[in-house]
Amino acid sequence: MLAEIKPSKIQGKIKAPQSKSFGIRLVLYSLIKESKLENLIPSDDVNVAINVVKQFGVSVNGNHFKLEGKLKVPSYLYFGGSATTLRMTIPIISVLGGETVIDGDDSLRKRPLTAIIKALQGSVNFSSQNLPTRISGKLKENYVRIDGSESSQYISGFIYAFSMIGGGEIEIIPPISSKSYIYLTSELINSLGGNVKIKGNRIYIEKGDFKPYIGKVPGDYALASFYASSAIVSGGEIAIEDVYEIPHFEGDHSIVDFYVQMGAESYVKDKVWYVKGGKELRGIKVNVDDFPDLAPSIASLAPFTNSPTIIEGVRRLKTKESNRILTISDALSRFGVSVYSDDEKIIIEPVKEIRNASIVCPNDHRIAMMATVLAFKVGGKIDKAECVNKSNPNFWKDLISLGGKIILT
Ligand SMILES: O=C(O)C1=C[C@@H](OP(=O)(O)O)[C@@H](O)[C@H](O)C1
Ligand SMILES: C=C(OP(=O)(O)O)C(=O)O
C-alpha cells in the first residue's frame, strides 16, 4: 500500500491507539487467569499473542480469553514480528518444560536471543542462536540470572512464568535497560493479585491470588505521540483520549514531558492528553535507554526546533524491527534534515530547508509513523504503508479523521 501525504493541519479529538505492551500482557495473562478485553482492536503483534495463547490451550471467544483444562506446551509457535511476545513466551516454556520449535518473520529472525540462551544454559537447550530454533528442557530451579542489557522483555516473561508456577527469583546482571517495561509488568501483575517485589537488581515473585482481568486495553503514549507531533508541527491542537494515568516511574508516557521540554503545550488531565503547537520549539538532550521506543517520536519533532536534539542511549535501537540508528537517520535525511549518528547517539539538526520525500517503510512501523509527521509539513510518499499495522491498525484512518490529507492506494 502506498500512502501519499499532502501538507495538512492535524487537529481534533481522537481515542489513543491501544497499547501494544498492555495488549500483549493482557492476552498472555490468560495463561494465568481469564481476561476479557472490552475494546480490543488487535494489531498484528497482539494477534501474534492471541495465536500463542490459543496454542497453550486458551479458548478465544472474540475478546474473551479463558484457559480450558490444563496448560499444554505447544510443539510449534510462530511469533511473526513480535519480539515482546517471543521473549515473554520463552521463559514460560522454560519453566513449564517441554520441546517447542519457535519461529518468526525475517525481522524477528535477526533479533538477538543471546541473553536468554545464556541464562538458561545447563537446563534448557536451544538448537540455534536465532529463530528458527528448537527449545527443549526445563529450568532446574525457580531462579534465573540474566543479563539486563539486551532486552527487558525476558524479565517480564520470567515475572509471568514464575507467577504461573507459584514463585521464583530473577537476578538481573546490570546494567538494566528498558526498566520502565519491567515496572509495567510487575505493577500490572500485582494489580491483578500477583506478588512481585523488585529490590535493586533482584525480583522476588511469590504465589499470587489472581483475579480475572475484565476491562479495556489502555491507550498508548508512544503510538499516540505521532498524532501529537503531527499536531504540534502543523500548528494544530489535539486531545488524545483514553491514555493511562501517568505512573510514578519514567516510561513511554515521559514523551508528554519531553514535548514540554521541547517548548510545546502538552499535559494529561483525566486520562486525556492535550497537545498544542504554534510556539517556538527547542532541541533537547535525552537518554532513551529506558524507553527506546520514544526515539522515533522525539526524532519526528526534532527537525522543527531551533537547536540540535541529542538522543543518547541508542545502542539497542540497532536490534529493533530495523536498525533504527540507520533508519531514523535515513528517513530524516530524505526530507533534507541533517543527522549525525554513531552507536551512542543520534544528533538531529534543525532543518533549514525541508523537502518533499518518498520512503519505503523499512519493515518498521515507527519509522513510517515518524516520516508521516514530516510529510504533513511538506508532503511525501510512504510505500509499504501497511507496516504500521504491527502496532496500530488505525494509524491512517485516525490521521485522516484528524484532517490528514492522505490517499491510500
Ligand atoms: O515489554 C515491552 O512491551 C516492550 C519492551 C521494549 O523492548 P526492550 O526491552 O527489548 O527494549 C520495547 O522496545 C518494546 O517495543 C515493548
Ligand atoms: C521494538 C518494538 O517491538 P517488539 O520488540 O515487541 O518487536 C517496537 O514496537 O518498537
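Start at 1 with the first residue, then count along the sequence. Each ligand, and each atom within it, is numbered from 1 in the order the structure gives.
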message: Taking a cutoff of less than 4.0 Å between a non-hydrogen atom of the residue and any ligand atom, is Pro292 in contact with ligand 1?
response: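 It does; at least one heavy atom falls under 4.0 Å.
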
message: Would Met88 count as a contact residue for ligand 1, given that I'm defining contact as a non-hydrogen atom of the residue lying under 4.0 Å from a ligand atom?
response: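 The answer is no, since Met88 has no heavy atom less than 4.0 Å from ligand 1.
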
Side chain to side chain, Ser234 and Phe304, heavy atoms closer than 4.5 Å: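 Of all side-chain heavy-atom pairs linking Phe304 with Ser234, none is under 4.5 Å.
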
query: Are side-chain heavy atoms of Glu250 and Ser180 found at a separation under 4.5 Å?
result: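 Result no, sub-4.5 Å side-chain heavy-atom pair not found.
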
Phe249 six-ring centre to Lys179 NZ/CZ under 6.0 Å and within 45° of normal: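 No, a cation-pi geometry is absent between Lys179 and Phe249.
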
Would you say [X] has any N or O atom under 3.5 Å from an N or O of ligand 2, going by distance alone?
{"X": "Asp45", "result": "no"}
{"X": "His365", "result": "yes"}
{"X": "Arg324", "result": "yes"}
{"X": "Lys320", "result": "no"}

message: Between Lys140 (side chain only) and Gly122 (backbone N and O only), is there a donor and an acceptor less than 3.5 Å apart?
response: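 Yes: the side chain of Lys140 pairs with the backbone of Gly122.
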
task: Using atom types as modelled and distance alone, determine if a side-chain donor or acceptor of Arg111 lies under 3.5 Å from a backbone N or O of Thr319.
output: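 Here the side-chain-to-backbone pair exists.
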
Which ligand 1 atoms, with their elements, are less than 4.0 angstrom from a heavy-atom of [X]?
{"X": "Lys20", "answer": "15 (O)"}
{"X": "Tyr181", "answer": "1 (O), 2 (C), 3 (O), 4 (C), 5 (C), 6 (C), 12 (C), 16 (C)"}
{"X": "Ser21", "answer": "2 (C), 3 (O), 16 (C)"}
{"X": "Arg316", "answer": "8 (P), 10 (O), 11 (O)"}
{"X": "Arg87", "answer": "10 (O)"}

Which of the numbered atoms in ligand 2 are under 4.0 angstrom from any heavy atom belonging to [X]?
{"X": "Arg111", "value": "1 (C), 4 (P), 5 (O), 7 (O)"}
{"X": "Arg366", "value": "8 (C), 9 (O), 10 (O)"}
{"X": "Lys390", "value": "3 (O), 4 (P), 7 (O)"}
{"X": "Ala83", "value": "4 (P), 5 (O), 6 (O), 7 (O)"}

- prompt: Between Ser151 and ligand 1, does any nitrogen or oxygen pair lie at a separation below 3.5 Å?
  reply: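 So ligand 1 has an N or O lying under 3.5 Å from an N or O of Ser151.
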
query: Got an N/O contact under 3.5 Å between Glu150 and ligand 1?
result: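 No; every N/O pair is 3.5 Å or more apart.
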
List the closest protein heavy-atom neighbour of [atom]: residue, atom name, distance to the nearest 0.1 Å.
{"atom": "atom 7 (O) of ligand 1", "result": "Gln153 NE2, 3.1 Å"}
{"atom": "atom 8 (P) of ligand 1", "result": "Lys320 NZ, 3.4 Å"}
{"atom": "atom 1 (O) of ligand 1", "result": "Arg25 NH2, 2.7 Å"}
{"atom": "atom 11 (O) of ligand 1", "result": "Ser178 OG, 2.6 Å"}
{"atom": "atom 13 (O) of ligand 1", "result": "Asp293 OD1, 2.7 Å"}
{"atom": "atom 3 (O) of ligand 2", "result": "Lys20 NZ, 2.9 Å"}
{"atom": "atom 16 (C) of ligand 1", "result": "Thr84 OG1, 3.5 Å"}

query: Given the rule in the ring pair (Phe, Tyr, Trp, His ring centres under 6.0 Å) test, do Phe22 and Tyr244 qualify, once you have shown the distances and angles that lead to the verdict?
result: CA-CA 10 Å; Phe22 272 109; Tyr244 57 85; 5.5 Å; yes

task: Take the angle between the ring planes of Phe258 and Phe291 and call it parallel below 30°, perpendicular above 60°, tilted in between.
output: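 Aromatic pair Phe258/Phe291 classed tilted.
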
message: Would you call the rings of Phe226 and Phe395 parallel, tilted or perpendicular, taking 30° and 60° as the class edges?
response: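 Perpendicular: the ring planes of Phe226 and Phe395 meet at over 60°.
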
field: Proximity of Thr84 to ligand 2 by residue part, where a heavy atom lies under 4.0 Å
entry: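 Under 4.0 Å from ligand 2, Thr84 contributes backbone and side-chain atoms.
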
message: In this structure, does ligand 2 have an atom that sits under 4.0 Å from one of the heavy atoms of Gly81?
response: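 Yes; Gly81 lies near enough to ligand 2 that a heavy-atom distance drops under 4.0 Å.
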
query: Is it the side chain, the backbone, both or neither of Ser152 that has a heavy atom closer than 4.0 Å to ligand 1?
result: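 Both backbone and side chain.
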
Would you say the side-chain atoms of [X] and [Y] include a donor-acceptor pair closer than 3.5 Å?
{"X": "Asp147", "Y": "Ser149", "result": "yes"}
{"X": "Glu68", "Y": "Ser59", "result": "yes"}
{"X": "Tyr227", "Y": "Asn392", "result": "yes"}
{"X": "Gln55", "Y": "Asn51", "result": "no"}
{"X": "Glu187", "Y": "His248", "result": "yes"}
{"X": "Glu171", "Y": "Tyr143", "result": "yes"}

Heavy-atom proximity to atom 1 (C) of ligand 2, best of Glu321, Arg87, Met88: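 When every heavy atom of Glu321, Arg87, Met88 is considered, Glu321 comes closest to atom 1 (C) of ligand 2.
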
task: Could you tell me if the ring centre of Tyr274 sits under 6.0 Å from that of Tyr267?
output: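 Between Tyr274 and Tyr267, the centre distance is under 6.0 Å.
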
- request: Under the salt bridge (Lys or Arg N to Asp or Glu O under 4.0 Å) rule, what do Glu321 and Lys390 come out as? Steps first, then yes or no, please.
  value: CA-CA 10 Å; Glu321 287 86 330; Lys390 182 175 198 277; 2.7 Å; yes

